[in-house]
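Below, all heavy atoms of this structure are taken into account, side chains as well, without hydrogens, waters or symmetry copies. Both counts, for ligands and for their atoms, begin at 1 and track the order of listing.
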Amino acid sequence: MATIALYSNKGGVGKTAAAVNLAYLAAESGASTLLCDLDAQGSSTFYFRVQPGIKRKARGLVKESKKVFDSIKATDYPSLDLLPADFSHRRLDIEYAERKKPTERLAKALEPLRSAYDYLILDCPPTINLLAENIFTTTDVLLAPIIPTPLSLLAHRQLLDFLDEHGYHAARVYAFFSMVDGRKRLHRDLIAEARQSYRHVLQTSIPYLTHVEQMGVHRAPVGVFAGASPAAAAYRALWAEVRRLPNSPTLPG
Ligand SMILES: Nc1ncnc2c1ncn2[C@@H]1O[C@H](COP(=O)(O)OP(=O)(O)OP(=O)(O)O)[C@@H](O)[C@H]1O
Ligand SMILES: [Mg+2]
């Protein structure tokens with residue numbers, strides 16, 4: 001079992017778009033996959049046409065309990081389940097702060113799911129709080145989308161510094177560029193610079209493409225309604241690269 005988080009401390013960078021498409025591709029390859037929507041906004045939940053809401057509210061992600069299975073919903077796709085968002089997820093960090101070993105609560109809560117799925121894919125909110133520390137503790141591979149702008153790169157630097165300062169294993173963090181417009185000189189230059197100054201920048205970039213935006217209209221991964229599109233090809237390339245990552249020996253397949 002491998003846990004992969006789509007995480008960034010910056011909002012609106014393409015975390016949810018990647019989480020939805022990578023979860024779909026993992027399941028399509030035959031691996032049993034659970035997408036966990038940790039963001040109270042519920043965007044992944046929306047894309048999969050599932051009603052938000054977990055049983056017994058945030059306790060499902062606070063305590064280790066088999067009851068977490070009661071909240072899981074099937075999606076329209078084989079091998080792909082969803083743990084939906086819940087409005088109470090906005091308070092998860094406060095719930096964790098009140099408990100022992102506060103940075104290990106999410107790992108504990110997800111424990112019963114580990115033997116049930118090949119992949120847990122976490123769609124994370126853009127915060128760098130105690131929930132984020134729980135995410136760092138529990139993930140095998142943290143995928144961080146970066147838009148090629150100075151502010152998005154600054155946020156990534158802040159993330160790497162935070163991980164170093166707090167003793168998290170930054171080697172598991174892989175950045176990839178998102179919403180790239182190859183016609184823009186600024187994008188090309190910033191990507192080239194970042195490849196020199198940051199370790200672990202994936203080769204695959206996700207271009208800025210209308211089919212990704214249209215996921216909100218179709219409420220489906222791009223592979224479902226535009227399988228032959230460049231957007232679908234970009235996420236397939238990203239998934240292929242993630243599966244080959246050297247320091248993620250637990251990735252199945
Ligand atoms: N490659 C892309 N091309 C075009 N639009 C994109 C692309 N990726 C994401 N978008 C659009 O940008 C917006 C933000 O994307 P998304 O919701 O995936 O970001 P996020 O990082 O999950 O945001 P948040 O921090 O709010 O959770 C959405 O409207 C989405 O449709
Ligand atoms: Mg999101």
Side-chain angles (χ1 to χ4, degrees), residues 4-25 35-50 52 61 82-87 89-90 92-93 120-129 131-132 134-135 139 142-149 151-156 158-159 162 173-184 186-188 190-191 201-239 241-242:
I4 300 173
L6 274 297
Y7 173 84
S8 169
N9 41 329
K10 189 148 182 65
V13 295
K15 297 179 291 294
T16 297
V20 165
N21 286 299
L22 295 185
Y24 172 76
L25 290 167
L35 176 60
C36 300
D37 191 347
L38 299 180
D39 191 344
Q41 287 184 90
S43 309
S44 295
T45 304
F46 173 84
Y47 283 137
F48 282 112
R49 299 168 181 264
V50 169
L61 288 178
L82 178 80
L83 183 66
D86 190 277
F87 196 53
H89 286 176
R90 76 196 189 287
L92 273 175
D93 59 328
L120 295 188
I121 297 191
L122 312 181
D123 182 19
C124 305
T127 49
I128 194 153
N129 58 6
L131 171 59
N134 274 268
I135 290 162
T139 50
L142 192 146
L143 297 176
I146 305 177
I147 302 175
T149 63
L151 286 181
S152 197
L153 281 160
L154 175 67
H156 191 62
Q158 287 165 345
L159 167 65
F162 181 92
V173 176
Y174 294 88
F176 66 93
F177 282 97
S178 173
M179 301 193 206
V180 175
D181 184 345
R183 294 166 306 180
K184 289 186 181 161
L186 178 72
H187 281 205
R188 294 197 304 274
L190 285 175
I191 290 174
V201 179
L202 298 182
Q203 285 305 313
T204 309
S205 294
I206 306 296
Y208 190 94
L209 291 165
T210 300
H211 280 129
V212 181
E213 288 177 297
Q214 286 178 350
M215 286 169 60
V217 179
H218 295 276
R219 296 183 71 181
V222 283
V224 172
F225 64 90
S229 66
Y235 286 111
R236 279 197 298 271
L238 183 63
W239 179 236
E241 194 175 358
V242 170

Atoms of protein origin (N, O or S) under 2.8 Å from the Mg ion (ligand 2): T16 OG1
Side chain of K10, backbone of I147: donor and acceptor closer than 3.5 Å? no
What is the distance from atom CG of L142 to atom CG of L159, rounded to the nearest 0.5 Å? 6.5 Å
Using heavy atoms and a cut-off under 4.0 Å, could you grab the residues that are in contact with ligand 1, chain by chain, numbers ascending? G11, G12, V13, G14, K15, T16, A17, D39, Q41, Y47, P126, M179, I206, P207, Y208, L209, V212, E213
Identified side chain to side chain contact (heavy atoms under 4.5 Å, CB included) partner of N129 from the options L92, D93, N134: D93
What's the verdict on side-chain contact (heavy atoms from CB on, under 4.5 Å) for L83 and L35, showing C-alpha distance, side-chain angles and the deciding distance? CA-CA 6 Å; L83 183 66; L35 176 60; over 6 Å; no
Could you go step by step and tell me if V13 and I146 meet the side-chain contact (heavy atoms from CB on, under 4.5 Å) rule? CA-CA 6 Å; V13 295; I146 305 177; over 6 Å; no
Pair up each side-chain donor or acceptor in residues 208-220 with any protein partner under 3.5 Å, not counting sequence neighbours, and list the distances.
from	atom 1	to	atom 2	distance (Å)
Y208	OH	E213	OE2	3.0
R219	NE	F46	O	2.8
R219	NH2	F46	O	3.1

Sequence neighbours excluded, which residues qualify as ring pair (Phe, Tyr, Trp, His ring centres under 6.0 Å) partners of Y24? Y77
Row check, F87 ring normal vs R90 NZ/CZ: under 6.0 Å, within 45°: yes
Just by modelled atom types, is the P145 backbone N or O under 3.5 Å from a matching donor or acceptor in the Y7 side chain? no
